[in-house]
Visitor: 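Quick one: structure below, then a few questions.
Along the sequence shown, residues are numbered consecutively beginning with 1. The structure presented is a predicted model; accordingly, all values stated were derived computationally and were not measured.
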Amino acid sequence: QVQLVESGGGLVQAGGSLRLSCTASGRTFSSYSMAWFRQAPGKEREFVAVINWTGTNTYYADSVKGRFTISRDNAKNTVYLQMNSLKPEDTAIYYCAAATYSSRSRSNYNYWGQGTQVTVSS
């Protein structure tokens, strides 16, 4: 069992930056791939980024590539999402999720956090 808690969301102007954190409970955090998804009002939850358990492989949605960076610190049971050059269309609830292997598919992820709101003003 893994419990995930996100933090770091907030209100930022376009062009600004935020860093999201997701802290996991449990001693098996380092064995999971960790991902970030987001859901905007009226839209489906979409993949943002994923990192494998060693931190050596990352994948990004085309919409955030070059602006967002996913990283992890297994000693702290934490995964991060550094978001730069934010745009109004990045406004959404951001969720972290854990799975036994990296995937862009929501159905692959067994554990989810409660989400943190990111709002980007124009």
Side-chain angles (χ1 to χ4, degrees):
Q1 188 78 7
V2 177
Q3 293 184 326
L4 305 173
V5 179
E6 301 98 335
S7 61
L11 173 65
V12 63
Q13 288 188 333
S17 299
L18 281 175
R19 188 177 81 156
L20 306 183
S21 300
C22 172
T23 301
S25 64
R27 293 174 291 179
T28 59
F29 171 80
S30 61
S31 65
Y32 286 93
S33 287
M34 299 297 298
W36 288 95
F37 287 78
R38 66 185 182 185
Q39 188 167 17
K43 295 188 177 181
E44 292 191 353
R45 194 170 300 188
E46 65 175 3
F47 168 79
V48 175
V50 62
I51 187 167
N52 72 332
W53 68 279
T54 61
T56 55
N57 290 316
T58 58
Y59 302 95
Y60 297 92
D62 288 343
S63 58
V64 306
K65 201 172 294 183
R67 299 187 298 123
F68 290 10
T69 303
I70 189 171
S71 61
R72 67 188 295 161
D73 185 340
N74 287 341
K76 296 182 178 180
N77 279 11
T78 301
V79 61
Y80 304 98
L81 185 69
Q82 178 66 45
M83 306 185 294
N84 298 329
S85 302
L86 283 162
K87 305 175 181 179
E89 51 263 44
D90 294 319
T91 295
I93 300 174
Y94 283 71
Y95 300 88
C96 69
T100 55
Y101 63 90
S102 295
S103 170
R104 297 170 183 256
S105 173
R106 288 177 299 171
S107 62
N108 182 58
Y109 292 84
N110 299 317
Y111 303 104
W112 293 85
Q114 83 289 348
T116 186
Q117 177 71 47
V118 172
T119 303
V120 184
S121 63
S122 57

Visitor: Check whether NZ of the Lys or CZ of the Arg R72 lies under 6.0 Å from the centre of the six-membered ring of Y32 and within 45 degrees of that ring's axis.
Guide: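 Not satisfied by the 6.0 Å and 45° rule.
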Visitor: Are R45 and W112 packed together at the side-chain level, in the sense that at least one heavy-atom pair is separated by less than 4.5 angstrom?
Guide: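 Sidechains of W112 and R45: in contact.
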Visitor: Does the side chain of N52 pick up a donor-acceptor pair with the side chain of S33 at under 3.5 Å?
Guide: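 Checked: N52/S33 side chains show no N/O donor-acceptor pair below 3.5 Å.
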Visitor: Does any non-hydrogen side-chain atom of Q117 lie less than 4.5 Å from one of T119?
Guide: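 The answer is yes; the side chains approach within 4.5 Å.
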Visitor: I'd like to know whether CD of E89 has more than 12 heavy-atom contacts from other residues, nucleotides or ligands below 6.0 angstrom.
Guide: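 Correct, the count exceeds 12.
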Visitor: Taking the side chain as everything from C-beta on, heavy atoms only, tell me whether W36 gets closer than 4.5 Å to V64.
Guide: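 Not in contact.
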Visitor: Measuring from atom OH of Y109 to atom CZ of R104, what distance do you get when rounded to the nearest 0.5 angstrom?
Guide: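 Here the interatomic distance stands at 9.5 Å.
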Visitor: For M34, run the side chain to side chain contact (heavy atoms under 4.5 Å, CB included) check against V2, V50, L4 and tell me which one passes.
Guide: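 Going through V2, V50, L4 one by one, the side chain to side chain contact (heavy atoms under 4.5 Å, CB included) with M34 is satisfied by L4 alone.
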Visitor: Are any of the side-chain heavy atoms of K76 and S21 separated by less than 4.5 Å?
Guide: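 SC-SC contact between K76 and S21 ruled out.
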Visitor: Using 30° and 60° as the class limits, which term best fits the ring planes of F47 and F37: parallel, tilted or perpendicular?
Guide: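 Perpendicular, since the angle between the ring planes exceeds 60°.
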Visitor: Going hydrophobic residue to hydrophobic residue with side-chain gaps under 4.5 angstrom, can you get from I93 over to V79?
Guide: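 Cluster IDs for I93 and V79 differ.
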Visitor: Measuring from I70:CD1 to Y60:OH, what's the distance to the nearest 0.5 Å?
Guide: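 If we round to the nearest 0.5 Å, I70:CD1 and Y60:OH are 6.5 Å apart.
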Visitor: May I ask you to check whether S107 and S105 show a side-chain donor-acceptor distance below 3.5 Å?
Guide: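 There is such a pair (donor and acceptor under 3.5 Å, judged by atom type) between the side chains of S107 and S105.
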Visitor: Answer yes when K87 and D90 have at least one side-chain N-carboxylate O distance shorter than 4.0 Å, and no when they do not.
Guide: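 Judged by the 4.0 Å cut-off on N to carboxylate O distance, K87 and D90 do not form a salt bridge.
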